[in-house]
Each structure stands twice: as structure tokens, then as C-alpha cells.
Amino acid sequence: MPANLKLRPRMRSLLSPAVAQAEWVGIIAWVGMLLIPPALKLDLYMLTVTVGLLIVCRVHATTTNFLLWRVLGVTYMVLLSVGFAYLIHLNEELRIYGLPLAVTLVVGSAILFISVQDYLADALLIWLILWPPMQADIYAGTEVYLLLFCAASVSIGFILSYSYLKNLRSVLLVESEFRALAETDYLTSILNRRAFMQSFEKLLAGEQGGYFIMLDIDSFKEKNDLYGHDVGDKILRAMALCLKNAKGSHSFGRIGGEEFGVLLQGDDVEVACDYALDLLQAIRSSVPAPHHYTCSAGMARFSPGDELSAVLKMADKNLYGAKRNGKDCVHLDGALLKAILS
Ligand SMILES: Nc1nc2c(ncn2[C@@H]2O[C@H](COP(=O)(O)OP(=O)(O)OP(=O)(O)O)[C@@H](O)[C@H]2O)c(=O)[nH]1
């Protein structure tokens with residue numbers, strides 16, 4: 001997905017509070033115009049606009065649909081402009097305020113849209129709606145100044161919208177890059193310990209249990225000492241690739257030097273055991289001789305609400321059992337996995 005699209009949900013959540021506040025200001029101004037003397041007689045049209053503004057504002061603040069959110073932003077401004085145009089049409093004395101009103105709406109809404117196209121549609125619609133009631137008699141013969149105000153307000157709004165969105169995007173891009181760096185292990189490009197444990201804690205706070213597999217490369221020090229650290233690094237990357245290729249995990253990460261963790265969601269013990277045994281098999285053949293390596297694993301079952309440290313301790317105990325059992329095997333509940341399955 002292009003970076004710009006990925007940033008949109010975050011941009012939306014940052015813009016939403018300002019949009020909601022600005023919409024309330026618009027509603028208060030609208031109601032104020034209805035009430036301030038000389039108060040107009042409330043008719044069905046005004047009532048419809050008021051109810052419409054309240055509904056659009058409410059749905060706009062709560063919808064999770066991104067496209068609807070964008071459409072409602074423009075809809076709100078159109079509705080507000082239609083309402084003001086109607087009041088100006090009813091009351092000749094208000095015509096003088098048409099121009100500052102249009103400029104305020106066009107410039108004021110510049111930083112409330114997530115895309116420049118939305119803003120331009122908004123600005124043009126505001127001018128189209130407010131132009132007719134404004135033009136009559138008071139600007140006769142000097143319409144060119146109206147055109148200048150129109151062009152200037154849209155241009156200023158466009159510059160504001162464009163530069164604001166551009167800056168917001170670059171700040172969020174840097175932020176997402178830093179977040180990815182903070183969560184990724186530099187050597188293997190999979191989750192680091194911190195990010196993996198966060199994912200584990202989220203899972204424990206959820207509603208479904210599962211299995212945690214703690215994996216440790218066998219005799220890794222020997223590989224390092226025999227072939228050098230660059231071969232050791234190659235083995236670590238190969239191990240991470242095996243985890244990426246193994247289908248069915250919830251998440252996985254490098255939780256120590258040569259230690260990795262996998263989370264499986266679901267209570268089916270056979271599925272979890274098959275996953276672990278297939279993974280160990282894939283690991284055995286992931287690097288050709290003489291650098292080939294094996295891995296031992298300790299599994300632990302977890303349920304929602306379990307303590308993270310208790311699950312880690314249990315998996316560690318089983319991993320220790322697998323190492324003591326001759327390595328290259330998996331232990332669960334203090335026993336060899338093959339023995340459990342048979
Ligand atoms: N190449 C490389 N080695 C690392 C890295 N992180 C830790 N190690 C090495 O991992 C080795 C871990 O060794 P030990 O804890 O003795 O474990 P082991 O040799 O695998 O023995 P068993 O776990 O009992 O099978 C040490 O030699 C560390 O230097 C790394 O990022 N790259």
C-alpha cells in the first residue's frame with residue numbers, strides 16, 4: 001500500500017477533533033443567526049437545515065467508513081452554506097455579510113479536509129451557493145471585486161490546505177518510520193523482543209487462548225566459534241525466514257540473542273504441535289551443510305488473563321527440558337511432543 005494511503009487513518013484521527021469542534025462552531029453560528037434580532041420566523045426549511053447539520057455532525061464524528069467521513073465533511077459545509085444563503089435571501093439586511101461569510105467559510109475550512117481535492121470541491125461549492133444571494137444590487141457594477149475575493153480566498157485556502165497536509169504527511173511518515181525501527185530487530189527484520197512482548201500482552205488481554213513457543217538455536221556458540229559471527233548472523237536470518245514462511249502464527253519475533261518466540265491463537269493442541277514440528281523440520285533444512293543448524297523449543301499453553309511472566313517461565317522450563325533431552329525437539333507439559341501426540 002502506498003505510504004500516503006497508510007497514513008490516512010492516522011491523519012483522520014488527528015484531524016477529527018478539530019473538524020468536530022469547527023462543525024460545532026458552525027452550528028452555533030447558524031443557530032445564533034436564527035435567534036439574533038431581527039429574529040426570523042422559523043420555517044420548515046430552517047428546521048431541516050438545523051436537524052441536517054446536527055445529524056451530519058454526529059455521524060461525521062462517529063463513522064468508521066473513510067469515504068463516508070470525507071463525503072460528510074463536504075456535505076456539512078454545503079448544508080451550512082445553503083442555510084446561510086437562504087437566510088440572506090430572506091433578509092436583505094444580511095446581504096452585506098454574504099461576502100465576509102463566504103471568505104470565512106472558504107479560508108476557515110482549509111485545514112479541515114484530508115485531501116486538497118476535497119477542499120477545492122468544498123470551496124467551489126461554498127462560492128456557488130453563496131454567490132447568487134450576495135450579488136444582487138449592492139455589488140452591481142463592481143462584481144469584479146467579488147471575483148477577486150473569490151479567487152483570493154480559494155487560493156489562500158488551497159495554499160493552506162496543501163502545505164498543512166504536506167507537512168502533516170511528512171511528520172507522520174517520519175513517526176511511522178521511527179515506530180517501525182523501534183519495533184523491528186535490526187538483523188532479522190522481524191519483531192524485536194519489546195514489540196513481541198507487547199503483542200503477547202495484547203493477546204493475553206483478549207478473549208482467546210493459545211500456545212507460546214520459545215525457540216532456541218542449538219549449540220549456536222559452537223557455530224559462531226567454528227565459522228565466525230557472519231555465518232552465525234546468516235543462521236539467525238535463515239531462522240527468521242523460517243518463521244515468516246511458517247503459516248498459521250499470530251505473531252513471532254526475536255526475543256533474545258539466538259532465542260525466538262511464536263504465538264499461536266486457538267486451543268487445538270494438535271494444530272499447535274503440528275506447527276511446532278513442521279517448523280523444526282523446516283529449520284533443519286533451511287541452511288545447507290556445513291552451516292546447517294537445529295533448534296529446540298519449549299511450548300506453553302495460555303488462557304486469557306494469564307500472567308505473561310508465568311507463561312514465559314513455563315515455556316522456558318519446557319525449552320530447558322528439550323535441551324536436556326538431546327536438543328532438536330519440542331517439549332510441552334514437561335514431555336517430548338512426539339510422545340504427547342502418539
Ligand atoms: N552471530 C551472532 N551471534 C550471537 C548474536 N546474539 C547472540 N549470539 C551468540 O549466541 C551464542 C549463545 O550461546 P549459548 O547461550 O552458550 O547457547 P548455545 O551455544 O546455543 O547452547 P545451547 O543453547 O545449550 O544449545 C553466544 O555465543 C552469543 O555470542 C548475534 O546477533 N549474532
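Ligands are counted one by one from 1 in listed order, and the atoms in each one are counted from 1 as well. What you see is a predicted model; the values in this text were computed from it and never measured.
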Task: Closest approach of any protein heavy atom to atom 24 (O) of ligand 1, naming residue and atom - done: K327 NZ, 3.6 Å
TODO: May I ask you to identify the nearest protein heavy atom to atom 19 (O) of ligand 1, giving residue, atom name and distance to one decimal place in Å?
DONE: K221 N, 2.8 Å
Task: side chain to side chain donor-acceptor pair (under 3.5 Å) between W69 and T64, worked out - done: CA-CA 7 Å; W69 186 78; T64 50; over 6 Å; no
Task: Heavy atom of the protein closest to atom 2 (C) of ligand 1 (residue, atom name, distance) - done: D233 OD1, 3.3 Å
- [ ] Find all atoms of ligand 1 within a distance of less than 4.0 Å from any non-hydrogen atom belonging to G232, and give their numbers and elements.
- [x] 1 (N)
- [ ] Examine the side chains of T188 and D185 and answer whether a donor and an acceptor come within less than 3.5 Å of each other.
- [x] yes
Task: Mode of E259 contact toward ligand 1 - side chain, backbone, both, neither (heavy atoms, under 4.0 Å) - done: neither
Task: Proximity of I217 to ligand 1 by residue part, where a heavy atom lies under 4.0 Å - done: backbone
Open item on the list: Looking at E222, is its backbone amide N or carbonyl O close enough to the side chain of S219 to form a donor-acceptor pair, meaning the two atoms are under 3.5 Å apart?
Closed with: no
- [ ] Identify the protein heavy atom lying closest to atom 9 (C) of ligand 1, giving its residue, its atom name and the separation to 0.1 Å.
- [x] N224 ND2, 3.3 Å
Open item on the list: Can you tell me which portion of L236 lies within the under-4.0 Å heavy-atom range of ligand 1? Options are side chain, backbone, both, or neither.
Closed with: side chain
Task: Distance-only donor-acceptor check, side chains D216 and Y320, under 3.5 Å - done: no
Open item on the list: Less than 6.0 angstrom separating the ring centers of F212 and F200, yes or no?
Closed with: yes
Open item on the list: Among all protein heavy atoms in this structure, tell me which lies nearest to atom 20 (O) of ligand 1, with the distance rounded to 0.1 Å.
Closed with: F220 N, 2.8 Å
Open item on the list: Tell me whether R301 is salt-bridged to D333, with the criterion being a basic N under 4.0 Å from an acidic carboxylate O.
Closed with: yes
TODO: Looking only at distances, please establish whether an N/O atom of ligand 1 is found under 3.5 Å from an N/O atom of K323.
DONE: yes
TODO: Step by step, work out the side chain to side chain contact (heavy atoms under 4.5 Å, CB included) result for R70 and F113.
DONE: CA-CA 8 Å; R70 285 176 64 186; F113 290 91; over 6 Å; no
Task: Nearest protein heavy atom with distance in Å, relative to atom 6 (N) of ligand 1 - done: G257 CA, 3.5 Å
Task: Modelled atom types, side-chain donor and acceptor of S81 and W127, under 3.5 Å - done: no
Task: Test item: I27 and L80 side chains (from C-beta on) under 4.5 Å apart, heavy atoms - done: no
Open item on the list: Suppose we measure from atom 5 (C) of ligand 1 to each protein heavy atom; which comes out shortest, and what is that distance?
Closed with: R254 NH2, 3.8 Å
TODO: Do me a favour and list the nearest non-hydrogen protein atom to atom 15 (O) of ligand 1 with residue, atom name and distance?
DONE: E258 OE2, 3.6 Å
